[in-house]
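Structure first, then comments.
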There are 2 protein chains.
Amino acid sequence: MAEELNQRGQDILEAIVEDYIASAEPVGSRSITRRHAMDLSPATVRNVMADLEDMGFLCSPHTSAGRIPTSKGFHYYIDTLLEVRDLSALEKQRLSKSYQFQGLQMEDVMQEVGRVLSGISSYTGLVMAPKFSSTVFRHIEFVKLSHGRLLVIFVSETGLVQNKVIEAEVDWSAQELERMTNYLNHTLPGMSIQEIRTRLADELQLEKARFDQLQEQAMSLSKAALMDEIEEKVFISGTSRMLEQPEFSTPGKMKKIFHTLESKEHLVKLLDQAQAADGVQIFIGSQTEHDAIEGCSLISSPFSGKKGAVGTLGVIGPVRMDYSHVIPIVDFTAQLVSRILKREAE
Amino acid sequence: MAEELNQRGQDILEAIVEDYIASAEPVGSRSITRRHAMDLSPATVRNVMADLEDMGFLCSPHTSAGRIPTSKGFHYYIDTLLEVRDLSALEKQRLSKSYQFQGLQMEDVMQEVGRVLSGISSYTGLVMAPKFSSTVFRHIEFVKLSHGRLLVIFVSETGLVQNKVIEAEVDWSAQELERMTNYLNHTLPGMSIQEIRTRLADELQLEKARFDQLQEQAMSLSKAALMDEIEEKVFISGTSRMLEQPEFSTPGKMKKIFHTLESKEHLVKLLDQAQAADGVQIFIGSQTEHDAIEGCSLISSPFSGKKGAVGTLGVIGPVRMDYSHVIPIVDFTAQLVSRILKREAE
DNA sequence: TGTTAGCACTCCATGTCGGCGAGTGCTAAC
DNA sequence: GTTAGCACTCGCCGACATGGAGTGCTAACA
């Protein structure tokens, strides 16, 4: 995999990738010598290109069109050739300003991040909200709906509100509910859902006799409220940006991509993967096992609140994406969001 | 507008509309006589078609293609010719079963309705959740975030949860907050937000001296929490269905439609209009002043909870939509959702 | 030995042309 | 009032030529 490539080969591969990113069209030997001031003749470039093709960095769609980079080519470009410059202070400031966060609640923040991300990058923005199990408990509330049905409202340290309806076995009175609510709101704050779950599981193992009635009731209630995993929330913005990419202009490809973006489950898997590592991650087209987003690349970065990694944001676009532009944006945005989440939790 | 059309004219217009709905292609005189067993010759049909074109029901895209219905033609078809059959008991049952509502909270219900609506109709589903101002108060809760910032959680009679962050002028203590919360939760349930607002406005007119401190504090807090209009929530499902329509297969038209669907504000306006009337409403293409959804039709119906009209659901698709199929579905779904909302509120 | 110029070749994209099919409008006959 | 017939109009499609861009190969050059 770690193929050696001499300086000239690198230069030419870089030129091809950049031209292809700019034009979305196969790149010929001639146009390279013209556009990039190389003191080489087209013929020489052709030789090098033939070598690059043999090595798997390039391929030609037809005998006599130019060449386009393969995913391996893109990989090499990103890993070795691309130098990501940091954003200037001015750019950072401008980017920070595009976000209008004040007064928004968590969900709106996620939405807003996606919106801005898509707006500046000109691609489609993705944000996966903090995982439920990794959020830190701040407040819980029970509201009685019809007989036996309870609405549970859960607020995390970062202000994320989750709610669900549970069917309680017992028809609690308002007083009982209030006492349990108070109990839980005094006991649980500061713990993550994951911690609460393990503690709950532990305590349920002990003999019930050891608990007083209140504790027991509260535990059974919070078990119903917090044990189930809640579906991840993914916010997608600027899907129509996908339509602007020439490589997806045929109806067939569009349909495929839109189905993928709509179903969300593929995205969750992918973003989950990205969450594991830290810093900016790049998934290129076919590399992702799901060929559902064949032809797409994802640039993503996890962001974090107070306790460990909690969410992922990123930009999805064609493989032929402007990496040098988007990578620093994603990177900085993740930092920004992390800072905000930590501030919220003060 | 109320042009007279003899029986034959009606028959032929109906045939053309139906063929066009089925094929998305201009309809010729010949194919009509073939497909619909009319004992008329193509020539006769041609004469009638020429008349219909003069009257504005039809138009021909080219000198010598078939004819396609104008929006006026569609209108006439829907108003006069189309007979909407009710769903059979079996179909109703089947439709009811596709909805899996149990245990879902309000927001999920809206989402689910859109999903199913889009699934059965094969077009794009739209649901506008109950307007905030028309919902009936059930419960309110304040959670302190960082200094001075309060998360307000509001639960409606139907289990809809809304939340927002407010900046309180005073840094209330936990006790004060609890007292106010209790006060509000005892005073307000059963009133609609609209009613609460007017009452609030009225009482603020009176001299402040008449209220005790608790009341005054609670009023100022609930003013901050409930006075602002909250953005309407629109749930869109199955946007990719739009891509399947041949009339939107060109990239340009796709982009236009997707922008419209993404921005939501146009949709809110449109759905708002639909909410005013009761029963199924149909908006055809250019009739909607926003030509942003030119080439689209909307079939919608309001649904209601306990107090008056509260939301709208519908299906959006090409003008050439299968009205006879979709109208009863939208109609019945609206009834179904209304029933469920009323049941929730028992 | 590496680089370059030249040349024949391959393909795609574009434009033109003619035929075919579907449809129309008109007229004359029934 | 209805129908058959006919000339006419277009759009669609396949065939064909053309030009341009690119390639691979070979031979000459430094």
Side-chain angles (χ1 to χ4, degrees), chain A residues 4-13 15-20 22-70 73 246-247 249-250, chain B residues 4-13 15-20 22-70 73 246-247 249-250:
Chain A
E4 282 308 310
L5 218 52
N6 59 25
Q7 187 58 44
R8 191 196 294 169
Q10 293 192 0
D11 288 350
I12 289 179
L13 178 55
I16 292 175
V17 172
E18 281 169 6
D19 279 17
Y20 182 66
S23 72
E25 266 158 28
V27 183
S29 55
R30 184 95 189 239
S31 59
I32 287 191
T33 57
R34 260 199 308 251
R35 236 191 300 232
H36 309 258
M38 285 187 185
D39 38 358
L40 288 177
S41 76
T44 314
V45 173
R46 276 205 288 282
N47 288 329
V48 179
M49 280 164 82
D51 294 345
L52 288 172
E53 183 163 1
D54 284 344
M55 288 189 266
F57 292 113
L58 300 178
C59 66
S60 33
H62 298 291
T63 330
S64 157
R67 300 244 185 10
I68 60 178
T70 59
E247 41 263 84
S249 61
T250 65
Chain B
E4 282 309 310
L5 218 51
N6 60 23
Q7 186 58 44
R8 190 195 295 170
Q10 293 191 1
D11 289 349
I12 289 178
L13 179 55
I16 292 174
V17 172
E18 280 169 7
D19 279 18
Y20 182 65
S23 72
E25 267 159 26
V27 184
S29 55
R30 186 96 189 239
S31 58
I32 286 190
T33 57
R34 260 199 308 252
R35 238 192 299 233
H36 307 258
M38 283 187 187
D39 36 359
L40 288 176
S41 75
T44 313
V45 173
R46 275 205 289 282
N47 288 330
V48 179
M49 281 165 82
D51 294 347
L52 289 172
E53 182 163 2
D54 285 345
M55 289 189 265
F57 292 113
L58 300 177
C59 66
S60 34
H62 299 291
T63 330
S64 155
R67 300 238 182 19
I68 61 178
T70 58
E247 41 263 84
S249 62
T250 66

Strictly under 4.0 angstrom, non-hydrogen atoms only: write out the protein contact profile of nucleotides 9-30 of chain C, one letter per nucleotide from the 5' end, B, S or -. -BSS---------BBBB-----

Under the 3.5 angstrom rule, does the side chain of [X] hit a backbone N or O of [Y] as a donor-acceptor pair?
| X | Y | result |
| --- | --- | --- |
| A:T70 | A:C59 | no |
| B:S60 | B:T63 | no |
| A:T33 | A:S41 | no |
| B:S23 | B:D19 | yes |

Is the closest side-chain donor-acceptor distance between B:Q10 and B:N6 under 3.5 Å? no

Would you please name every residue forming a side chain to side chain donor-acceptor pair (under 3.5 Å) with B:E25, sequence neighbours left out? none

Considering non-hydrogen atoms only, spot the tightest contact between B:A24 and B:E247 and give its length. CB-OE1, 4.3 Å

Side chain to side chain, A:L58 and A:L13, heavy atoms closer than 4.5 Å: yes

Using whole Å, report how far CZ of A:R35 lies from P of D:dG22. 10 Å

Provide, to the nearest angstrom, the distance between the CG atom belonging to A:D19 and the P atom belonging to D:dG22. 11 Å

Here DNA chain C, pairs taken as Watson-Crick or G-U under 3.5 Å and shown with ( ), [ ] when crossing and | when to another strand, reads ||||||||||||||||||||||||||||||

